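The model shown is predicted, which means the values in this text are computed figures rather than measured ones. Values reported hereafter were calculated over all heavy atoms of this structure, with side chains retained and with hydrogens, waters and symmetry mates removed.
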Amino acid sequence: MKLNKLFAVGMAAMMTMSMAACGAATVDGQKSTTQAAAETTAAASEAASEASKESGAAVSGSIGLSVSTLNNPFFVTLEEGAEAKAKELGVELVSVDAGDDSAKQASDIEDLISKKVSVLIVNPVDSDAVAPAVKDAIAAGIKVIAVDRVVNGVEVDCSIASDNVAGAESATKFLTELVGKDAKVAELQGTPGASAAIDRGTGFHNIADTNLKVVSSQTGNFNRSEGMTVMENMLQADAEIKGVFAANDEMALGAIEAIGDKDIAVVGFDATDDALKSIQDGKMKATIAQQPDLMGATAVDTAAKLMNGEAVEKSIPVEVTLVSKDNVSSYIK
């Protein structure tokens, strides 16, 4: 099929040259040779485009990736997955790190707009604060994909994310089994405004509010050291806490440092390498696996399809799984 199309391209080109050499006379209302040549050239261009797609030629243009922070192993893995897929597809990927700063992310996106990227992949620091910059990208004709977190108030071309609510519900059910109904628990919340933090908090409270006694809910901003400090303060305020739900593994690991040898069950979210090792060592009780490398790869693959003019799904879910001591060995690389 490829050879037939390439042959058609060659024949169309020869016909174009032959017709162009003839005059532009019109007989009995028939098309002029100039008109015929133009139409033949268009047909040849279309055939060449189809042949190029079938032969797997690399897409033209570049992709911009704005990551919320690379100070978190989860997003490092997401970026690595994106880079690997971009290399595989032969497409340029321009990656920028917002450093958990909403203002910097807005500036980064404006810079990517000025670089005329074809598609913007954005992992928001704050789902509300990033909206104006994303609107600017769309106004500039740039396709937009949101990954892991949504962009509030803006219709993007595609959203790729885990079911954070379901994941948090699963982790909280497991925590309830460990500590018992009506036990005192604490919640370490993610960065305020981040959709993942909001959704995981929703999932936690969907289960905890009717099965556990939540004595404290404070943000640790998805950060390990902040998670440790907040957990220390929580324990000083209430020494009877029996369990902790942390909205990500970094805060969970910080909480474990603060807890020391106390018998307090901690569950996290993300299944980072450090968290898996902690579960294996019997410290952390569980986490939720999200496959950030698959998220990054899927985002770039979807961007390439958009650059090729292909239709894509508005929402692409990524499966989540509870990881505990029973199955952690299958997740450790």
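Side-chain atoms of Val144 and Val122, non-hydrogen and from C-beta on, do get closer than 4.5 Å to each other. Counting heavy atoms from C-beta on, the side chains of Asp182 and Leu212 never come closer than 4.5 Å. You'll find the side chain of Met295 reaches within 4.5 Å of the side chain of Gln290, heavy atoms only. Side-chain contact between Ile264 and Val244 is present, with at least one heavy-atom pair separated by less than 4.5 Å. No side-chain heavy atom of Leu70 sits less than 4.5 Å from a side-chain heavy atom of Asn72. For the pair Ile109/Asp136, no side-chain contact is recorded, criterion being any heavy-atom separation below 4.5 Å from C-beta on. Inter-residue side-chain proximity for Ile145 and Val156 is flagged as unmet; no heavy-atom pair is nearer than 4.5 Å. The side-chain heavy atoms of Lys173 and Leu322, taken from C-beta on, include no pair separated by under 4.5 Å.
Side chain of Asn223 to main chain of Gly220: no donor-acceptor pair is present (N/O by atom type, distance under 3.5 Å, no hydrogens or angles). Ser170 places no side-chain N or O within donor-acceptor distance of the main-chain N or O of Ala166, the cut-off being under 3.5 Å. Judged by distance alone, with hydrogens and angles left aside, the side-chain atoms of Asn123 form a donor-acceptor pair with the main-chain N or O of Val147 at under 3.5 Å. Checked by atom type and distance alone, the side chain of Ser159 never pairs as donor or acceptor with a backbone atom of Ser315 at under 3.5 Å.
In the hydrophobic clustering of ILVMFWY residues, with side-chain heavy atoms under 4.5 Å counting as a link, Leu93 and Val96 come out apart. A continuous path of Ile, Leu, Val, Met, Phe, Trp and Tyr side chains, each step under 4.5 Å between heavy atoms, connects Leu175 with Ile288, placing both in one hydrophobic cluster. The same ILVMFWY cluster, assembled from side-chain heavy atoms under 4.5 Å apart, contains both Val300 and Val119. Residue Val312 is grouped with residue Ile160 when hydrophobic side chains (ILVMFWY) are merged at heavy-atom distances under 4.5 angstrom, including chains of intermediate members. The hydrophobic cluster containing Ile316 does not contain Val150, counting ILVMFWY residues as joined when their side-chain heavy atoms lie under 4.5 angstrom apart, directly or transitively.
Annotation: Lys283, atom NZ; neighbour count of heavy atoms from other residues, nucleotides and ligands within 6.0 Å does not exceed 12. In the displayed structure, Asn71 atom CG is contacted under 6.0 Å by at most 12 heavy atoms of other residues, nucleotides or ligands. In the displayed structure, Lys135 atom NZ is contacted under 6.0 Å by at most 12 heavy atoms of other residues, nucleotides or ligands.
In this structure, Leu65 and Leu112 approach most closely via the heavy-atom pair N-CD1, 4.3 Å. Closest heavy-atom contact between Ser102 and Val125: OG-CG1, 3.6 Å. Ser324 and Ile279 make their closest contact through C-CG2, 3.6 Å (heavy atoms, listed as atom of the first residue, atom of the second, distance). Residues Ile256 and Ser278 share a closest heavy-atom pair of CD1-OG, 3.7 Å. Considering all non-hydrogen atoms of both residues, Asp111 and Ser114 come closest at O-OG, 2.6 Å. When all heavy atoms of Val214 and Ala208 are compared, the closest pair comes out as CG2-CB, 3.9 Å.
With values rounded to the nearest 0.5 angstrom, Leu306 atom CG is found 12.5 Å from Ile142 atom CD1.
Each of Asp249, Asn248, Thr272 was compared with Thr287 under the side-chain hydrogen bond (donor to acceptor under 3.5 Å, both in side chains) criterion, and only Asp249 meets it.
Applying the ring-ring contact (aromatic ring centres under 6.0 Å, His included) test to every pair with at least one member in residues 283-315, sequence neighbours left out, gives no pairs at all. Applying the ring-ring contact (aromatic ring centres under 6.0 Å, His included) test to pairs two or more places apart or on separate chains, those with a residue in residues 196-218 are Phe204-Phe245.
In the hydrophobic clustering (ILVMFWY side chains linked at under 4.5 Å, chained through shared members), Met228 stands by itself.
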**OP:** Decide yes or no on side-chain hydrogen bond (donor to acceptor under 3.5 Å, both in side chains) for Ser66 and Asp108, but give the supporting numbers first.
**Re:** CA-CA 7 Å; Ser66 174; Asp108 287 344; 5.1 Å; no
**OP:** Just do the side-chain hydrogen bond (donor to acceptor under 3.5 Å, both in side chains) check on Gln189 and Thr219 with the steps written out, would you?
**Re:** CA-CA 4 Å; Gln189 302 168 325; Thr219 182; 5.4 Å; no
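Under the 4.0 Å criterion applied to side-chain N and carboxylate O atoms, Asp238 and Lys213 are not assigned as salt-bridge partners. We find that Arg149 and Asp126 are not joined by a salt bridge, their nearest charged nitrogen and carboxylate oxygen being 4.0 Å or further apart. Salt bridge absent: Glu310 and Lys305 never bring a charged side-chain N and a carboxylate O closer than 4.0 Å. With respect to Lys277 and Asp281, a salt bridge is recorded, a charged nitrogen being found less than 4.0 Å from a carboxylate O.
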